[in-house]
There are 2 protein chains.
Amino acid sequence: MTAQGKPRYQQLKEMIIGRIMSGELQPRDRVPSENELVNAMNVSRMTANRALRELTDEGYVDRVAGIGTFVTDLKAASHVLEVRNIADEIERRGHTYSAIVHKQERQHASAEIREALQAVAGSDVFHVLVVHQENGVPIQLEDRYVVEDFAPDCLQQDFTKITPSAWLSGISPLQEAEHIVRATMPGKAVRERLGIDEQEPCLLVLRRTWAHGRPVSFARLHHPGSRFELTGHYAPPGTKKSNPITADVIELGKLQQ
Amino acid sequence: MTAQGKPRYQQLKEMIIGRIMSGELQPRDRVPSENELVNAMNVSRMTANRALRELTDEGYVDRVAGIGTFVTDLKAASHVLEVRNIADEIERRGHTYSAIVHKQERQHASAEIREALQAVAGSDVFHVLVVHQENGVPIQLEDRYVVEDFAPDCLQQDFTKITPSAWLSGISPLQEAEHIVRATMPGKAVRERLGIDEQEPCLLVLRRTWAHGRPVSFARLHHPGSRFELTGHYAPPGTKKSNPITADVIELGKLQQ
DNA sequence: CGGGCTTGGTTGTATATACAGGCTAGTGCA
DNA sequence: TGCACTAGCCTGTATATACAACCAAGCCCG
């Protein structure tokens, strides 16, 4: 039912994206090769090549010369959405990751949570409260709500072994993500679970993620201001990124005089 | 002097980017057409087409069928880096923007600033300290350092009329940007200039920007935690973005119980 | 003088073809 | 049995060619 007026390479792209979004093609699955698309879709190989190459640029697939084309796995897919897995981040730094699960339950959605998740009145949501630790030191308090029918087996998961965000990504590829970042003074409940004192601010990240075109999860991520920072480095495609700023300069948060 | 091993479309791209970065091609200037590249560079039109098409995707040029290819102007270029202008953001919300310039001077670079800007010992930098206000209320304290020879006329600018970041973008297209976001308790100097009390945390954004392949500016941006938030909404290309989260839900920063 | 048409330049797309290089699996030889 | 080599598949790139759509400028004709 693709529009007739669209270019054929665009139709090819949309067909493949549709298969990925619908779940027919899972992460790491093999995508039809250029020659298979030539035969099946009645296009030239250059047209199939353009479609797959653009999907590569957009982060949907990875290509390996001589092997084939594959749906990007979760780690690579996170690049598109810039949604990161805190456990991977910690292990990439060579530190040990651990988690404490404080809550894992089904509950009635409050009015605010219903609005964030676009859920109807009276619906239930799963609520997970987990502290993520780096070398045993709390670094994130995750207060997450998940739409019930998106992930029915939420209560059976062991969130000390897989983070909620990694688990959600595995259920279905994430389509959209929304972030809001604020600096706050945390309440007593947050302070106790993060092990910080009354004077320490928190970096609060509010995150909503979409799948199948609707919000499926909403999370409040509290980070101790003294132990956490968000980083980003933007460069045009094809450019070599420069070295990141050093820790010494990071410490320079104070205004002189 | 381009490397021989690179694909020819990539060499073409780098040649054109080089002309843009060097200033030979100014914004709105016409870029050689595909056929001109075919004759001048001895490539096929498909190869020239690919180079120009990818430059379009990367935001360097705009193409109009039947007319030609043109270097994108500054406003469009900033989209590539996702670097935002706070004055534009405020006016987009329908509020009035104003600025107070506290400092605008040349000074010796401290060791930390020299390292961030990769400057040699003994070099001077420009230092600008500006408070940005929304409807008269301070919303950002900008503490910025600029490499001297990148912008020699820094002391002649009126930063109540144009923000430093907008001014820098106008000198040369930005190639790279690095951000670090932290939650901090500000010192007295910051508190006084932002008009906040001792209990209020700040969202601190450290930003370095590159042009011509080197760092040209480093800024510390302090924002009152109660009046400012960073937002981001990521969706794959071609996807319709959903409605942003509502202010009501944003306010829900507290952990229940 | 003015309006419609033609012409040439430009981008956008599609195809057929060709060669290079990486990888796998299977064949065949020692 | 074990190793080397080869055939085949896949991606990556490059070229020549073709047609469609768009636009501007100029020409022609009324």
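As the structure is a computational prediction, the values presented were derived from the model and not from experiment. Residue numbers start from 1 in every chain, and the chains themselves are labelled A, B, ... in the order their sequence lines are given, proteins ahead of strands.
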Inset, instruction - Measure from CD on Glu54(B) to P on dG12(C) and round the result to the nearest Å. - result: 13 Å
Inset, instruction - Using atom CG of Leu52(B) as one end and atom C1' of dT13(C) as the other, report the distance to the nearest whole Å. - result: 15 Å
Legend entry - Any Tyr9(A) side-chain nitrogen or oxygen under 4.0 Å from OP1 or OP2 of dA14(C): no
Inset, instruction - Anything under 30° is parallel, anything over 60° is perpendicular, the rest tilted; go ahead and classify His223(A) against Phe228(A). - result: parallel
Inset, instruction - List the steps, then state whether side chain to side chain contact (heavy atoms under 4.5 Å, CB included) holds for Thr163(B) with Val130(B). - result: CA-CA 9 Å; Thr163(B) 66; Val130(B) 179; over 6 Å; no
Inset, instruction - Please state how far atom NZ in Lys6(B) lies from atom P in dA14(D), giving the value in whole angstrom units. - result: 13 Å
Legend entry - Thr160(A) and Asp158(A): side chain donor to acceptor below 3.5 Å: yes
Legend entry - Arg208(B) to Phe218(B) six-membered ring, cation-pi geometry met (6.0 Å, 45°): no
Inset, instruction - Write down the distance between CZ (Arg53(B)) and C1' (dA14(D)), rounded to a whole number of angstrom. - result: 14 Å
Legend entry - Short side-chain N/O contact from Arg63(B) to OP1 or OP2 of dT10(C), under 4.0 Å: no
Inset, instruction - Rounded to the nearest angstrom, tell me the gap between atom CD in Gln11(A) and atom P in dT13(C). - result: 12 Å
Inset, instruction - Starting from the 5' end of DNA chain C, give me the residue, Val64(A) or Ser33(B), whose nearest nucleotide shows up first. - result: Ser33(B)
Inset, instruction - Give the rounded distance in Å between these two atoms: CG of Leu37(B) and P of dA14(D). - result: 14 Å
Inset, instruction - Quickly work out the Asn49(A) CG to dA14(C) P distance and round it to whole Å. - result: 13 Å
Inset, instruction - Would you indicate which nucleotide in dT10(C), dT13(C), dT13(D) comes nearest to any side-chain atom of Pro7(A)? - result: dT13(C)
When you compare the protein's N or O atoms with those of nucleotides 15-19 of chain C, which come within less than 3.5 Å of each other, and at what distance?
{"unit_1": "dT15(C)", "atom_1": "OP1", "unit_2": "Arg8(A)", "atom_2": "NH1", "d": "3.2"}
{"unit_1": "dT15(C)", "atom_1": "OP2", "unit_2": "Ser44(A)", "atom_2": "N", "d": "2.9"}
{"unit_1": "dT15(C)", "atom_1": "OP2", "unit_2": "Ser44(A)", "atom_2": "OG", "d": "3.4"}
{"unit_1": "dT15(C)", "atom_1": "OP2", "unit_2": "Thr47(A)", "atom_2": "OG1", "d": "2.9"}
{"unit_1": "dA18(C)", "atom_1": "N6", "unit_2": "Arg45(A)", "atom_2": "NH2", "d": "3.2"}

Inset, instruction - State whether the side chain of Glu91(B) and the backbone N or O of Asp88(B) hold a donor-acceptor pair below 3.5 Å, judged by distance alone. - result: no
Legend entry - Any Thr69(A) side-chain N or O less than 4.0 Å from OP1/OP2 of dT11(D): yes
Legend entry - Nearest-Å distance for atom pair CD1/C1', residues Ile67(A) and dG21(C): 12 Å
Inset, instruction - Could you tell me whether the side chain of Glu142(A) and the main chain of His132(A) form a donor-acceptor pair under 3.5 Å? - result: no
Legend entry - Cation-pi geometry met for Arg50(A) and Tyr9(A) (6.0 Å, 45°): yes
Inset, instruction - Ignoring the backbone of Ala65(B), work out which of dT11(C), dC10(D), dT13(C) is nearest its side chain. - result: dT11(C)
